[in-house]
Every structure is written in C-alpha cells, then in structure tokens.
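For clarity, every value in this text was computed on a predicted model and none was experimentally measured. So that the names make sense, note that chain A is the first sequence line, chain B the second, and so on, each numbered from 1.
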Amino acid sequence: MARYLALYRHFLFQRFKILLEYRVNFIIGMASTVIQQSAWLLTIWVVMRQAPALAGWGLSEVMLVYGLVTLAQSLNHMFADNLWIIGWGYVRSGQFDRFLVRPIDPLFHLLADRFCHDGLGHFATGAVLVGAALVQLQIALTPLTALYLAAAVLSGGVIFFALNLITATTAFWIVESIPITQMVFNMHEFAKYPLTIYHQGIRVLLTWIIPYGFASFYPASYLLGRDVGALAWLGPVVAAVLAVISYRVWQFGLKHYAGTGS
Amino acid sequence: MIAALRRHLGIYGAIAAVVPKEYLAYNLWFWAEFVVQILAMIIYVYFWRAVYSGVDRLGGLTLDQTLNYILLARILAPAIESRLIFHFGFLIGQGQVAVELTRPLDLQARYYVQELTGLGVFLLLKLPLLAIAIVFFGLRLPADPAVWLAFLASLALGHAALFCFDWMFACLAFYTTETWGLSMVRVGVAQFFSGALVPLAMLPGWLQQAAAALPFAQAMAVPLGLLSGVTPVSQAPGFWLVQLAWLAGLGLAARLVFAVAVRKVTVQGG
C-alpha cells in the first residue's frame with residue numbers, strides 16, 4: 001500500500017511537470033469544466049427564479065444535490081479519467097501491453113498514468129455549490145456533518161468509479177468502450193435533481209441498480225432533515241459492494257485480454 | 001467554366017456520399033446517443049412538470065408549449081455540438097493538416113459539404129426518436145407543410161452561419177493545443193445560449209440580449225420556435241433576413257480569420 005502511494009506520488013509529480021509545461025492549456029482545461037457547469041447553473045437559476053420550488057425543494061436545496069453529485073464526479077474525473085479512453089488510448093494502440101509486463105497492478109498503472117486536471121474545475125464548482133448551499137440553508141458545519149459530507153462524497157466518487165470500471169472493461173472485447181460507458185455514466189444526470197420529481201420506478205433504478213442516488217439525493221436529504229430512513233447511511237456500503245463487484249469484472253476482462261495485434 | 005463546375009460538383013458529391021457511410025460505420029455510437037437522448041427527454045419531461053406544478057406560465061409559455069419546444073430541442077441538440085476545433089487540433093497535432101492544405105480544393109467548402117450532409121443524415125436518423133417523443137411524451141408536430149418548409153429553411157441558414165462561426169473558432173487551434181477544453185467551452189456556451197436547455201423567452205433581459213448577440217440561437221431556438229408552434233410562421237421571413245445577415249457577416253469573418261491563422265501552422269515532420 002505504502003509502495004503504491006509513493007509510486008502514485010511519482011506519477012502525479014511527473015504529470016504535473018507535463019501539465020505546467022503548458023500553463024495556458026492547464027487553465028483552459030480547468031475553466032472548461034466550470035463553464036459547462038455554469039450552463040446548467042444558469043438554467044436552474046433562470047427557471048427557479050420564476051418557479052421557486054421543484055417538488056417542494058428550493059433553489060439552495062437543489063444546489064446542494066447538484067453540488068454533491070458534482071463533487072463525487074470530480075473525484076472520478078481527476079483520478080480515473082483514463083477509464084474513458086482505455087479503448088482507443090491503450091487497447092487499440094497496444095499501449096496496454098506495456099502495463100502487463102511491469103511489476104505493478106495494471107489497473108493502478110492505468111489510473112496513475114494520467115491525472116486529469118479538468119476534474120479540478122469540477123471539484124471547485126461542486127465545493128462552492130455545497131458551501132454556498134450550506135450557508136444559505138444555515139446548516140452548521142459541525143465535525144460530524146463534515147465527516148458525513150466527506151463519507152458521502154467519497155462513496156459517491158467510488159460509485160462513479162466502479163460503474164465506469166465495469167463499462168470500461170468491455171474494451172477488452174469490443175475495444176471502443178466509450179459508447180457503453182457513456183450510456184451508463186449519463187444516468188447520473190437523473191441524480192442532479194431531487195429523485196422525488198421522478199416516477200417511483202426511476203427512483204428504484206437510481207437506488208439499487210445504477211446507484212447514483214447515493215452520490216447526491218440521499219446524503220442531501222439527510223443533511224436537510226428530510227426522512228429517507230436507513231438509505232441516508234447506506235452510501236458507503238453500496239459503494240464498497242459495487243467496488244468489489246467492479247474489480248471482479250475487471251479481473252475477468254483482464255484474463256480475456258488478447259491484444260489487438262497493433 | 002462549365003466543365004470546371006461539373007468537376008467540382010463531382011468532387012463535392014463524392015465527399016458528401018461518404019458522410020452517411022461514416023455515420024453508419026459506428027453502430028454502437030448511434031445507439032449510445034439514442035439511449036442518452038431518451039434519458040435526457042425523460043429527465044426534462046419530469047423536470048418541467050415539477051417546475052410547472054406551482055405556476056401556469058413561464059416566460060409566457062404554458063407547460064405544453066415548453067415541453068413541445070424542449071423535446072424538439074433535446075432531439076436536435078447534438079446537431080449543434082460542433083467539435084471542429086478539436087478536429088483542427090488533431091489535424092495539426094498529427095501533421096495531417098499539411099496534406100489537407102495542399103489538396104486542390106477549398107478546405108472550408110469541403111467541410112461545409114460534409115457538415116451539411118451530416119445534418120441531413122442526422123435528421124433522418126432522429127426520426128425514430130421523434131416517433132418515441134410523439135408516442136410516449138406527447139410531442140405534437142405541425143400538419144401545415146409551410147411550417148415545415150419555414151423550419152427547414154431557417155435551420156439551413158442558421159446551421160450555415162454557425163458553421164462559419166465554428167470555422168473561425170477552430171482557428172484557435174493554430175495558437176493553442178488545449179483544443180479539447182476549448183471545444184467543451186464551445187459546447188457548454190452553445191447549449192445555454194442556443195436555447196437547448198431552456199426556452200430563451202424565460203431568460204431575464206440581459207441574458208436574452210447576450211443570446212441575441214451570439215449566433216447559437218440561429219441554429220436552434222429560431223428554427224425550433226417555428227416547428228414547435230411557439231412562434232407563428234408569419235414571422236419566418238423576418239427571421240430569414242436576420243439569419244442571412246449573420247451568414248454574410250460570419251462567412252466573411254471566417255475567411256479572413258482563417259487566412260491569417262493558417263500562417264501560424266508549423267508541422268514538425270514525423
């Protein structure tokens with residue numbers, strides 16, 4: 001574990017050397033995600049300025065939901081963005097074979113190979129939104145609340161990561177895995193709003209099958225004092241179970257990797 | 001003169017003929033976009049229903065009008081998500097741009113032919129989605145052929161104007177390598193100001209002015225306003241004039257900017 005942490009530090013250090021070589025690009029990359037988020041924020045602001053409640057949730061409350069899912073996504077974006085491009089970036093080009101002959105875990109190597117700075121913009125947006133929502137809703141940041149928030153965001157990040165890992169594994173068979181990842185990943189759009197606005201079936205889907213609800217709606221409900229029962233505490237368990245499943249799927253795929261011959 | 005024209009038409013025709021094949025070669029991509037767009041429609045229908053649960057009208061629009069417009073906007077949205085700048089970045093990064101520049105035909109015209117054919121293929125491929133929106137989400141389309149013609153003319157003009165804007169924007173690739181980030185900025189700004197996320201009539205005055213000062217709405221909100229029945233078809237000629245003015249201005253600017261920017265190109269062998 002300690003060895004991998006030390007290794008990751010080396011990878012990260014090298015990556016930043018590359019990134020800072022092109023400073024303007026570094027800034028544009030981060031700003032791009034912020035601008036994308038702004039389009040959504042402006043939309044929700046424009047709408048809720050005139051219709052102040054969304055199924056009983058006010059603007060600040062919706063911002064909290066959105067901020068939490070953005071934070072969770074940002075972790076995945078920063079540390080596991082290579083899962084998106086494993087197909088064309090590593091499998092097709094034969095780069096992936098490089099990982100298999102090295103004395104470290106191939107998944108670790110894949111993830112550590114590219115820290116994605118664009119995710120920093122996501123992280124900043126999410127943090128500002130959650131912070132602003134907490135202030136406006138007058139929710140005091142006690143050590144317990146802070147701990148709960150951290151656990152919720154981490155669990156959310158793991159859920160994003162695990163789902164992407166499962167879909168990225170398809171690259172070992174079909175090479176171009178982005179469309180598959182995109183279909184599942186886009187389900188997180190549902191979790192940008194309180195799940196109560198949807199049909200019951202969608203809520204079940206977002207809780208038990210593609211559990212993005214634990215990245216935003218359930219922790220937000222708990223912080224706002226809305227009763228969601230034990231689901232408020234289930235996030236870390238769901239994340240852990242999903243992580244184990246996804247790693248198994250990845251190992252299964254790895255065993256069947258045959259290379260593309262490039 | 002006529003022979004040269006025919007030769008050109010033949011070349012551009014051949015280029016256009018490849019576009020549908022490109023679309024059909026990436027089966028999985030088609031289905032991914034299909035699923036993602038259905039998801040987006042579901043989200044937007046629920047979202048707007050929740051919004052309208054407390055109010056009758058927003059920006060002068062009823063729930064039915066808003067849903068009609070937004071469903072069409074969700075279907076058309078990918079058509080204006082141009083990533084031309086990212087493509088330029090790729091060409092320059094690979095050195096491929098040298099080959100493209102030496103070809104004996106106009107680069108911009110070639111790309112426009114591709115984009116226009118792409119739009120046609122795109123519209124055909126979206127017919128199943130349109131059917132789903134009609135059956136499951138209550139989308140209503142006009143029966144009057146004049147409305148459809150007005151929509152298509154307005155879409156073609158707005159699309160051409162936006163293409164010229166993107167051509168100009170893509171020239172930034174000659175100056176920076178962060179073209180993915182810039183293409184995402186372009187997509188984000190366009191999403192909002194084209195009216196693909198929210199009907200522009202709901203925006204406060206200053207944002208409406210910003211939307212009017214940018215070209216994105218010309219290829220989205222303006223044609224879709226006609227098709228969704230939010231704006232009466234009698235206003236179409238006025239829209240066309242505005243769109244022609246956009247096209248003339250941006251077309252000229254795109255030519256000038258490209259002529260200057262292309263001098264920056266450096267290809268380092270390889």
Side-chain angles (χ1 to χ4, degrees), chain A residues 19 21-57 62 117-118 121 170 174-199 202, chain B residues 26-40 42-59 63 66 89 172 175-204 207-208 210:
Chain A
L19 287 175
E21 193 65 30
Y22 303 96
R23 277 166 212 270
V24 178
N25 293 356
F26 183 74
I27 293 164
I28 295 175
M30 280 197 308
S32 69
T33 37
V34 176
I35 288 177
Q36 272 188 294
Q37 305 289 338
S38 314
W40 184 90
L41 272 176
L42 267 177
T43 303
I44 203 81
W45 173 76
V46 160
V47 172
M48 295 196 75
R49 207 171 55 102
Q50 301 166 68
L54 199 62
W57 291 58
V62 176
H117 60 294
D118 297 2
T170 59
I174 61 170
V175 182
E176 184 56 280
S177 57
I178 293 180
I180 305 273
T181 302
Q182 200 173 36
M183 279 190 260
V184 176
F185 173 80
N186 262 67
M187 298 288 289
H188 90 273
E189 297 276 336
F190 282 103
K192 289 180 172 177
Y193 309 93
L195 294 188
T196 40
I197 69 170
Y198 305 114
H199 184 269
I202 296 178
Chain B
Y26 299 96
N27 224 313
L28 207 51
W29 285 95
F30 167 79
W31 287 110
E33 190 170 278
F34 191 70
V35 171
V36 167
Q37 283 192 281
I38 290 179
L39 292 180
I42 296 174
I43 294 174
Y44 274 75
V45 168
Y46 279 107
F47 171 76
W48 285 104
R49 278 193 199 147
V51 166
Y52 271 95
S53 66
V55 288
D56 287 336
R57 276 171 184 274
L58 278 175
L63 173 62
T66 302
L172 279 175
Y175 300 91
T176 169
T177 56
E178 180 64 35
T179 49
W180 175 249
L182 280 174
S183 74
M184 295 315 279
V185 170
R186 150 73 178 76
V187 170
V189 172
Q191 278 239 329
F192 184 80
F193 287 106
S194 66
L197 292 171
V198 58
L200 296 177
M202 292 181 192
L203 305 190
L207 279 175
Q208 282 197 28

What are the two closest non-hydrogen atoms of [X] and [Y], and how far apart are they?
| X | Y | value |
| --- | --- | --- |
| A/M183 | B/V36 | CA-CG2, 4.4 Å |
| A/S32 | B/G181 | CB-O, 3.3 Å |
| B/G188 | A/A39 | O-CB, 3.5 Å |
| A/A55 | B/A50 | N-CB, 4.3 Å |
| B/P204 | A/W45 | CG-CZ3, 3.9 Å |

I need the [X] [atom1] to [Y] [atom2] distance, nearest 0.5 Å.
| X | Y | atom1 | atom2 | result |
| --- | --- | --- | --- | --- |
| A/I35 | B/Q191 | CD1 | CD | 13.5 Å |
| B/F192 | A/L41 | CZ | CG | 10.5 Å |
| A/I202 | B/I42 | CD1 | CD1 | 5.5 Å |
| B/L28 | A/Q182 | CG | CD | 10.0 Å |

Could you look at [X] and say if it's the side chain, the backbone, both or neither that has a heavy atom under 4.5 Å from chain B?
| X | answer |
| --- | --- |
| A/M30 | neither |
| A/Y193 | side chain |
| A/Q37 | neither |
| A/W57 | neither |

Options A/T196, A/I178, A/V34, A/I174, ranked by heavy-atom pairs under 4.5 Å with chain B, top entry: A/I178

Greatest number of heavy atom pairs closer than 4.5 Å to chain B - which of A/R49, A/K192, A/E189: A/R49

B/V51: which of A/I197, A/I44, A/L54 passes side chain to side chain contact (heavy atoms under 4.5 Å, CB included): A/L54

Positive for side chain to side chain contact (heavy atoms under 4.5 Å, CB included) with B/L203, one of A/T43, A/L42, A/V46: A/V46

Which residues share a side-chain contact (heavy atoms from CB on, under 4.5 Å) with B/W31, sequence neighbours left out: B/N27, B/F34

Most chain A-contacting option - heavy-atom pairs closer than 4.5 Å, from B/L58, B/L182, B/V198, B/V45: B/L58

Test side-chain contact (heavy atoms from CB on, under 4.5 Å) applied to A/T33 and B/M184, step by step: CA-CA 8 Å; A/T33 37; B/M184 295 315 279; over 6 Å; no

Heavy-atom donor-acceptor pair, A/Q50 side chain to B/M202 backbone, under 3.5 Å: yes

Residues forming a ring pair (Phe, Tyr, Trp, His ring centres under 6.0 Å) with B/W180, sequence neighbours excluded: B/F86

